[in-house]
There are 2 protein chains.
Amino acid sequence: MQTSSTHDRIVVAASRLIQRQGYVGTGIKQIAKEADATLGSVYHFFPGGKEAVAVAAIAHGRDEFADLLRTALDSVDDPAEAIDACARLLARELRASGWTDGCPVTAAALETLGTADSPIQQACADALRTWQNLVADKLLGCGFPSPEARDLAATVINTLEGAEVTAQVTRTQDPLLLAGRHLSRLVASYA
Amino acid sequence: MQTSSTHDRIVVAASRLIQRQGYVGTGIKQIAKEADATLGSVYHFFPGGKEAVAVAAIAHGRDEFADLLRTALDSVDDPAEAIDACARLLARELRASGWTDGCPVTAAALETLGTADSPIQQACADALRTWQNLVADKLLGCGFPSPEARDLAATVINTLEGAEVTAQVTRTQDPLLLAGRHLSRLVASYA
DNA sequence: CGATGACTAAAACGAACGCTCTATCCAGCG
DNA sequence: CGCTGGATAGAGCGTTCGTTTTAGTCATCG
C-alpha cells in the first residue's frame, strides 16, 4: 500500500507541516498522524525528538526547493530569463498549493532566532546557502565574474523569498512575477 | 515609574515578542509578564484574547516600521539613494538588536497562512500595503510614472523583507547592504 | 525452536497553553 | 459616607504540548 518507508513519510509530512505552520505551530503528534505513523515510530527514528525531526524536515525542504530552482534555471540559457523562469515557476506552484506551500524554511528560521546556534538555525542557513549557490553557479556558468555573481545570487534568493511571503499573504502571483521581471532586469544590467 | 499606560505596555511588549518568536511561540502569560501587567489586565483590555492582542501588536509594529522607512526615505532626495538608505538603516537597527528584531509581521503572517481570512492575516497584509505605499509615494514624488512606481515599491519592500530574514539567519549585515545596492541600481535604471 | 532487535502501539507524565472565574483595589461621584 | 465600575490580581479550568515508559508485534537468524 504505502510506497515509502515510515521514516521517509515522517520527514515528508513534517516538512510540509513546518512549511505551512512553522516549527512551534507543528506538533509531534500531528506529524505522526499526518505521516500515518505512531508517536513511538517518530521517537524510534528520531531519538532527538521534535528538533531532530525538524532538522531532517528542513533538509528535505531544502532539497525539494533546490530541485525546483534547478529545473527553472536549466530551462533557459540566458541567465536573466532563467531567473524570471524561477519566479514564474514559484508563482505557479504557490498558487497550485492554495498559497500555503511557500518557502520551507522561512517560518522555522524566524521562530527560532532566539536560539542562535540551534541545529534548526543551522539547517535553515544551510538551505539558504545551497539555493544561493545554485543561482551563483548559473551566473558563473554564463560568464559573470565571481564576486558579482555571488552578490547577485544572494539578492535573487532574498527577493524571491520576500516576494513569496507577500504573495502568500495577498494570495496573488503578482509579487513573484514582478520580482522575476525586476530581477531579470537587474541581472541583465550586469551582463 | 512607568511612563506609559498598561494598555500600551501590553501592545508594545506583544509586538516585540511576536516579532522575535512569532504568534504561536508567544504566550499570553509571557506578554503579561513582559509588560509588567497581569493576565487579568490583558483580558480586560483585550476581551478578544490572544488574537486581539496580536492584531493590535501588529498594527503597532506596522507604525514603528513605517516611521523607520519614512526617516530613511526623507533623509535623501534622490530615490535610488533613499532606498539604499532604508537598507542601511534596517541593517544598523537589526545589528543593534542582536539580529532579533527584524520585520515585525513576517513570522506571524507565515504562521497563520492556514486561516486565510483571520484578522491577523489582514493586519499583516495591511502592514505590507502601508510600507509599499510609503515607498511608492517617494517614487511618485520623484516623477516616476504611476504603475512603475507601484511595481518598484512592491519589489523594494519584498527584497528588503527577504534580505532581512537572511541577515537574521546568517547574523550579517551583508544581505541587507547588498539589497540596498541592487535595489538602488534597479531604481536608477528606471529614472 | 528460542532469541534478538527493529519497529509499532498507546498509556501516562509534568509542564505549559489559552481562557474563565472570583476577589480585591481604588478613584469618582451622589 | 456608600456605591459603582474600571482596573488589577491570581487561582484554577480543560486541553494540548513534548516526552517517557511499557508492552506488544514480527521477521530474521543462530
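Chain letters run A, B, ... following the sequence lines, proteins first, then strands; residues in each count from 1.
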Quiz: residues 24-35 of chain A side-chain donor-acceptor pairs under 3.5 angstrom, not counting sequence neighbours:
{"unit_1": "A/Thr26", "atom_1": "OG1", "unit_2": "A/Leu17", "atom_2": "O", "d": "3.3"}
{"unit_1": "A/Thr26", "atom_1": "OG1", "unit_2": "A/Gly22", "atom_2": "O", "d": "2.7"}

Polar atom pairs between nucleotides 25-27 of chain C and protein, under 3.5 Å, N or O only, would you list them?
none

Q: Do nucleotides 18-27 of chain D as a string where each nucleotide becomes B, S or -: B if the base has a protein heavy atom under 4.0 Å, S if just the sugar-phosphate does, - if no protein is that close.
A: BBB-------
Q.
For residues 148-174 of chain A, which residue pairs pass the ring-ring contact (aromatic ring centres under 6.0 Å, His included) check, not counting sequence neighbours?
A. none
(Q) Angle between the two end axes of the helix from C/dC1-D/dG30 to C/dG30-D/dC1, five base pairs per end, rounded to 10 degrees? (A) 20°
**Q.** Residue list, ring-ring contact (aromatic ring centres under 6.0 Å, His included) with A/Tyr43, at least two apart or on another chain
**A.** none
Q) Just by distance, do the side chain of B/Thr166 and the backbone of B/Ala163 share a donor-acceptor pair under 3.5 Å? A) no
Q) Would you find a donor on one side and an acceptor on the other, under 3.5 Å apart, between the side chain of A/Arg185 and the backbone of B/Ser189? A) yes
(Q) Taking ring-ring contact (aromatic ring centres under 6.0 Å, His included) as the cut-off, I'd like each qualifying pair that reaches into residues 62-120 of chain B, sequence neighbours left out, listed once. (A) B/Phe65-B/Trp131
Q) Is atom CZ of A/Arg171 surrounded by more than 12 heavy atoms (other residues, nucleotides or ligands) closer than 6.0 Å? A) yes
(Q) Rounding to an integer number of Å, can you tell me how far B/Ile10 CD1 sits from D/dA9 P? (A) 11 Å
Show me, pair by pair, the donor-acceptor contacts under 3.5 angstrom made by side chains of residues 143-155 of chain A, not counting sequence neighbours?
{"unit_1": "A/Arg150", "atom_1": "NH2", "unit_2": "A/Asn133", "atom_2": "OD1", "d": "2.6"}
{"unit_1": "A/Thr155", "atom_1": "OG1", "unit_2": "B/His182", "atom_2": "ND1", "d": "2.6"}

Q) Between atom CD of A/Gln21 and atom CG of B/Leu113, what is the distance when rounded to the nearest 0.5 Å? A) 10.5 Å
Q. Got a sec, which pairs hit salt bridge (charged side-chain N to carboxylate O under 4.0 Å, His left out) with one end in residues 128-145 of chain A, sequence neighbours left out?
A. A/Asp126-A/Arg129
Is there any protein nitrogen or oxygen under 3.5 Å from a nitrogen or oxygen in nucleotides 4-7 of chain C, and what are the pairs?
{"unit_1": "C/dC7", "atom_1": "OP2", "unit_2": "A/His44", "atom_2": "NE2", "d": "3.0"}

Quiz: residues 74-81 of chain B side-chain donor-acceptor pairs under 3.5 angstrom, not counting sequence neighbours:
{"unit_1": "B/Ser75", "atom_1": "OG", "unit_2": "B/Ala72", "atom_2": "O", "d": "2.6"}
{"unit_1": "B/Asp78", "atom_1": "OD2", "unit_2": "B/Ala80", "atom_2": "N", "d": "3.2"}
{"unit_1": "B/Asp78", "atom_1": "OD2", "unit_2": "B/Glu81", "atom_2": "N", "d": "2.9"}

**Q.** Whichever hydrophobic residues join A/Leu178 through chains of side-chain contacts under 4.5 Å
**A.** none
(Q) Any side-chain to backbone donor/acceptor pair from A/Thr172 onto A/Thr170? Under 3.5 Å, distance only. (A) yes
Q | Atom-to-atom span, CZ of B/Phe46 to P of C/dG18 - whole angstrom | A | 15 Å
